[in-house]
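Notes to accompany the following structure.
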Amino acid sequence: MKSKRMILAALVIALTCLAIVVPLFTPAVAACPAFGIHRYYSNAAHTTQVGQMTVYCNCSITMTGTKTIYIVYTPFDCSGGGIDP
């Protein structure tokens, strides 16, 4: 009888520790990218636009074309209600 209580107590302690430790290792929810229009170009001279990503103030995203490392960013001002689709 005493050993069953000890096993039960150990199980409760183990589950409590698990409930505390597991959330520490779960990944955080990613924040949405910077609000605005992200225009992607084929080269560093920004001569040919090949893609565009728009991030609205409600964190919805529209994307067309291709992402590259050559980008021009135009921010939105989301403080006054912002721009939503």
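Note: hydrogens, waters and symmetry copies are ignored here, and every other heavy atom, side chains too, is used.
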*By side-chain contact (heavy atoms from CB on, under 4.5 Å), which residues pair with A45, not counting sequence neighbours?*
N43, T47
_Under the side-chain contact (heavy atoms from CB on, under 4.5 Å) test, residues paired with S42 that sit two or more places apart_ = T48, V50
*With sequence neighbours left out, which residue pairs that include part of residues 63-74 fulfil the side-chain hydrogen bond (donor to acceptor under 3.5 Å, both in side chains) condition?*
R39-T74
*Of I61, T54, I71, V72, which meets side-chain contact (heavy atoms from CB on, under 4.5 Å) against H38?*
I71
*Could I get the full list of ring-ring contact (aromatic ring centres under 6.0 Å, His included) partners for Y41, not counting sequence neighbours?*
H46
*So, do Y56 and T62 sit near enough that their side-chain heavy atoms are less than 4.5 Å apart?*
yes
*If you link ILVMFWY side chains whenever their heavy atoms are less than 4.5 Å apart, which other residues fall into the same cluster as I7? By chain and number, please.*
none
*Looking at C57 and F76, what are the two nearest heavy atoms and their distance?*
SG-CB, 4.4 Å
*Under the side chain to side chain contact (heavy atoms under 4.5 Å, CB included) rule, what do Y40 and I69 come out as? Steps first, then yes or no, please.*
CA-CA 7 Å; Y40 299 97; I69 61 170; over 6 Å; no
